[in-house]
Amino acid sequence: MLFSHWKASFFVSSNYRIFATKKKHNSHTTMNLELTIQNEVAKAIKELFGTEVELKSIQIQKTKKEFEGDVTVVTFPFTKVSRKSPEQTGEAIGTFLISQNPIITKFNVIKGFLNLSISAEYWTKLLIEINQQPQFGIMTPDEQAKVMMIEYSSPNTNKPLHLGHIRNNLLGYSIAEIQKANGWNVIKTNIVNDRGIHICKSMLAWKLFGNGETPQSTGMKGDHLVGKYYVVFDKAYKAEIKELMDKGLTEEDAKKKAPLILAAQNMLLAWENNDPEVYQLWQTMNGWVYEGFEVTYKKLGVDFDKIYYESQTYLEGKNKVEEGLAKGVFYQREDRSVWADLTPDGLDEKLLLRGDGTSVYMTQDIGTAKLRYDDYQISKMVYVVGNEQNYHFQVLALLLDKLGFSWGKDLVHFSYGMVELPEGKMKSREGTVVDADDLMQEMIDSAKETSLELGKLDNCTEQEIEEIARMIGLGALKYFILKVDPRKNMTFNPKESIDFNGNTGPFIQYTHARIKSVLRKANEMGVDYSSITFENIQLAEKESNLIQLVSEFPNVVKQAGDEFSPALIANYMYELVKEYNQFYHDFSILKEENEDCKKFRLVLSKTVGNTIQNGMKLLGIDVPERM
RNA sequence: GGUCCUGUAGUUCAAUGGAUAGAACAAGUGUUUCCUAAACACUAGAUCCGGGUUCGAUUCCCGGCGGGACUACCA
């Protein structure tokens, strides 16, 4: 029972769907073309065939490129009531529609598809409406907006961030922007995993082999320095294991009895007992890491409204577990360890407190969850965490529910796939990890090189060049990652650098820059296209298609929010930009002789540029004025 | 073994149950006296296998086969 509930809330909860549909995007009069057509078709069916049909059953889709028309009605479902062939049904409905509503100007029928052409007046009016809304498709949360807390990033403080973290951070930041645009009051949060055995490993190695090194003394970024000692620990630990195995121990025993791991465990115990020396070292080394992380986050362009530290939440978790034990929800074994028996729910038994009283990951997450709900009026809690932890969140939802938190079962685990290298998974021990700082810098350097080669930035100051290279390099990286369906594993090949051509961030940025350039020139020429009505404008198909595409933006934003998928925004951006580039290539804007037509194309360009900017913002990607 | 995710051109990615399965990269070719050629256009190339539901299946269901994750007193 509970399990099936969890399944429903696993990716997108059913509650959320209901809530989300109550919200409305920027209202507009001309805009709901789909609904208008559905109503007309329903009327037609009633008149022609004498049957009421549900609006939902009337499928409206965009007409495919190779056919004439703007929107298409699928007529197969109506053949039962019409008692005619799909073609005849389409003909009948088409004829009726044309006589009824002036915005439908033409139709053609191919197989079971009724293609309708929409009038130029409709499209131009629609464009004017959109042009008047700089934030078209983007909602602004008001005071009554419900709170959605989104946890992302969640680093450990024992090593620097890598490509996997980049995917997490970009997805988390982007989904936060998207949910804001859907009217949620979003709180971005980060849970820093600043305690535990792994931190002790770095600390111990530094203490034993560090010779007092600091970021200052070595010139290393703090997180990288600490990460170095994590690796040092691992090497020394491995050596000890090998030594013990040579003496005849099994691998399992050797791993448990190596002096280094025992020392690290002692250190963790000392930390939990507030040992001053250990605590001091912990604070110092974590401080180094935070300084390093701050630099990385800033460069990546992500931020947080509220940061939690597990060192401050794990005790709360222990309390809740002990409470659960007292209530009989959990049980204790002979060695004093505390467990939850989840076998009735189809899962295994789960450890919540070790025999020595120290807490585990799950304990901490319970405590963190409780603090958050004490701090905020949260309606929806979202965890942006890799799919390797699907089981963890399945268990967490169950445990929170058992502990009496009503919201536990409704949590959303925004689960995403791994970033893999062509050889397979990244492994820090084998040195195949792609470091976040290095990768960003490489992208920026490479963008700068390309820009200079193409001679695009000849009239720019050094500072402008740096800024544009940063936008392009990061744009390429972010788009590369966000355009992929979050659920899927993706491959990154460090040898083939990320492209700047084709379906890429820079392609979209470039289009924006070209639009801005045209608009600048229009201003220089003194063309005023600010307020204008378009009557009797002849629209090329490319132009009405563009307006139609732009008008779909709010739907895309909504869908991206419902499905937790920045990739939908990315794919839409690409489609829009590709369409605009064709238009740009085939038509003159500033050299168009017909003044009304020129102004129309300027407004169209401006609207497209604006949509690009708004859409890319949802992906956390900046768009340059020139490049 | 169990649970979950996933399988589409050589490669990386698309496709609310709808038309001839879209792009990009890589390969080959064309378009700059014209608003930025990081562009545009053209050529060639793909749904793992077998059933089922449907007027219609890449999509939904069942069964195989392949890839991945989890099933830790790591976080």
Side-chain angles (χ1 to χ4, degrees), chain A residues 3 7 10 59 61 63-67 72 74 76-77 79-80 86 110-113 115 154-156 158 193 195-199 201 256 265 310 333 335 337 339 346-348 351-356 358-362 364-365 386-392 394 415 417-418 420 422 424-425 447 450-451 453-456 472 476 480 483-485 487-493 496 499-504 506-511 513-522 525 559 563 567-568 570-571 574-575 578 581-582 584-592 601-602 605 626-627:
Chain A
F3 180 59
K7 260 174 134 176
F10 168 64
Q59 289 180 54
Q61 50 190 251
T63 304
K64 292 226 170 195
K65 280 223 162 83
E66 53 268 42
F67 304 103
T72 297
V74 184
F76 291 108
T79 51
K80 276 183 194 141
I110 295 164
K111 294 196 231 172
F113 300 94
N115 302 320
S154 317
N156 292 348
N158 64 332
N193 194 358
R195 60 168 295 282
I197 190 78
H198 54 293
I199 318 289
K201 289 178 182 175
K256 280 184 187 162
Q265 280 162 359
E310 280 186 346
R333 291 189 180 170
D335 64 359
S337 59
W339 294 73
L347 302 177
D348 293 327
L351 175 82
L352 298 174
L353 279 178
R354 293 193 187 95
D356 63 9
T358 55
S359 60
V360 293
Y361 181 33
M362 189 59 77
Q364 296 164 182
D365 257 1
N387 63 11
E388 59 200 350
Q389 292 189 33
N390 285 354
Y391 183 74
H392 175 82
Q394 189 178 344
S415 162
M418 300 286 100
E420 290 169 350
K425 239 186 133 178
T450 309
S451 292
E453 259 173 35
L454 292 169
K456 295 280 186 183
I472 298 172
F480 176 82
K483 77 172 176 185
V484 180
D485 183 335
R487 279 168 299 187
K488 289 190 175 174
N489 287 359
M490 63 182 294
T491 310
F492 174 77
N493 190 343
E496 298 169 15
D499 267 308
F500 291 159
N501 300 321
N503 185 357
T504 66
F507 174 78
I508 296 165
Q509 291 171 318
Y510 175 69
T511 306
R514 282 215 296 206
I515 290 173
K516 285 292 172 174
S517 172
V518 170
L519 297 180
R520 270 196 306 271
K521 290 213 160 85
M525 290 162 62
Q559 203 189 346
E563 295 182 16
L568 294 176
N571 292 334
Y574 179 63
E575 203 185 333
K578 200 159 173 49
N581 279 337
Q582 289 165 7
Y584 181 91
H585 183 265
D586 294 347
F587 297 85
S588 288
I589 301 170
L590 296 173
K591 295 205 167 78
E592 168 61 40
R601 287 180 185 161
L602 281 166
S605 298
R626 51 176 300 187
M627 67 183 270

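Please read these numbers as outputs of a predicted model, since none were measured by experiment. Chain identifiers are assigned alphabetically (A, B, ...) following the order of the sequence lines, protein sequences preceding nucleic acid strands; residue numbering begins at 1 within each chain. Basis for what follows: all heavy atoms, side chains included, without hydrogens, waters or symmetry-related copies.
Across the protein-nucleic acid pair, A:E66 atom CD and B:U20 atom P stand 9 Å apart, rounded to whole Å. For A:Q389 and B:C74, the CD to P distance is 15 Å, given to the nearest whole Å. Across the protein-nucleic acid pair, A:N390 atom CG and B:G2 atom P stand 19 Å apart, rounded to whole Å. Regarding A:L347, its CG atom lies at a distance of 16 Å from the C1' atom of B:A72, rounded to whole Å. Taking atom CD of residue A:Q582 and atom C1' of nucleotide B:A23, one finds them 12 Å apart after rounding to whole Å. We find that NZ of A:K488 is positioned 11 Å from C1' of B:C5, with the value rounded to whole Å. Atom pair A:R487:CZ and B:C4:C1' shows a separation of 13 Å (rounding to whole Å applied). Put simply, CG on A:D348 is 15 Å from P on B:C70, counting in whole angstrom units.
Distance noted for atom C1' between B:U58 and B:U47: 5 Å (whole Å).
Across all strands, A:E575 comes closer than 4.0 Å to no nucleic acid atom at all (heavy-atom distances).
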Sugar-phosphate or base contact per nucleotide [nucleotides 31-37 of chain B; S, B, -; heavy atom under 4.0 Å]: ---SBBS

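The two residues A:S605 and A:I515 have their closest heavy-atom pair at O-CG2, 3.3 Å.
With B:C13, B:C40, B:A24 as the choices, the nucleotide that has an atom nearest any side-chain atom of A:N503 turns out to be B:A24. Listed candidates were B:C13, B:A69, B:A14. Nearest to the side chain of A:N387 is B:A69. Set against B:G18, B:A38, B:C74, the side chain of A:F500 has B:A38 as its closest nucleotide. Minimum atom distance to the side chain of A:Y574 is reached by B:A24, of the listed B:A19, B:A14, B:A24. Between B:U71, B:G18, B:C25, one nucleotide has an atom nearer to the side chain of A:D499 than all others, and that is B:C25.
Scanning atom types as modelled, one donor and one acceptor separated by under 3.5 angstrom connect the side chain of A:T72 and the base of B:A19. For B:A24, its base never sits under 3.5 Å from the side chain of A:T504 at any donor and acceptor pair.
Between the side chains of A:R333 and A:S337, no donor N or O sits under 3.5 Å from an acceptor N or O.
Taking the six-membered ring for Trp and the full ring otherwise, the centers of A:F500 and A:Y510 sit at least 6.0 Å from each other.
At distances below 3.5 Å, not a single donor-acceptor pair connects side-chain atoms of A:D499 with backbone N or O atoms of A:N501. With A:N489 contributing its side chain and A:G417 its backbone, the two residues share no donor-acceptor pair below 3.5 Å. The closest donor-acceptor contact from the side chain of A:R195 to the backbone of A:E310 lies at 3.5 Å or more, if one exists at all.
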For RNA chain B, the dot-bracket pattern of Watson-Crick and G-U pairs whose distances stay under 3.5 Å, | for other-strand partners: (((((((..((((....[...)))).(((((.......)))))....(((((..]....))))))))))))....

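The glycosidic torsion of B:U32 lies within 90° of 0, which places this base in the syn conformation.
With A:F587 as the aromatic partner, A:R601 does not meet the cation-pi criteria of under 6.0 angstrom to the ring centre and within 45 degrees of the ring axis.
You can call A:F113 stacked on the base of B:A19; the centres are under 5.5 Å apart and the planes sit within 30°. Stacking between A:F76 and B:G18 is shown: the ring centroid lies under 5.5 Å from the centre of the six-membered base ring, and the planes differ by under 30°.
Between A:R354 and A:D356 there is no salt bridge, since none of the side-chain N atoms of the basic residue sits less than 4.0 Å from a carboxylate O of the acidic one.
Every residue was checked against the ring pair (Phe, Tyr, Trp, His ring centres under 6.0 Å) condition with A:F67, not counting sequence neighbours, and none meets it.
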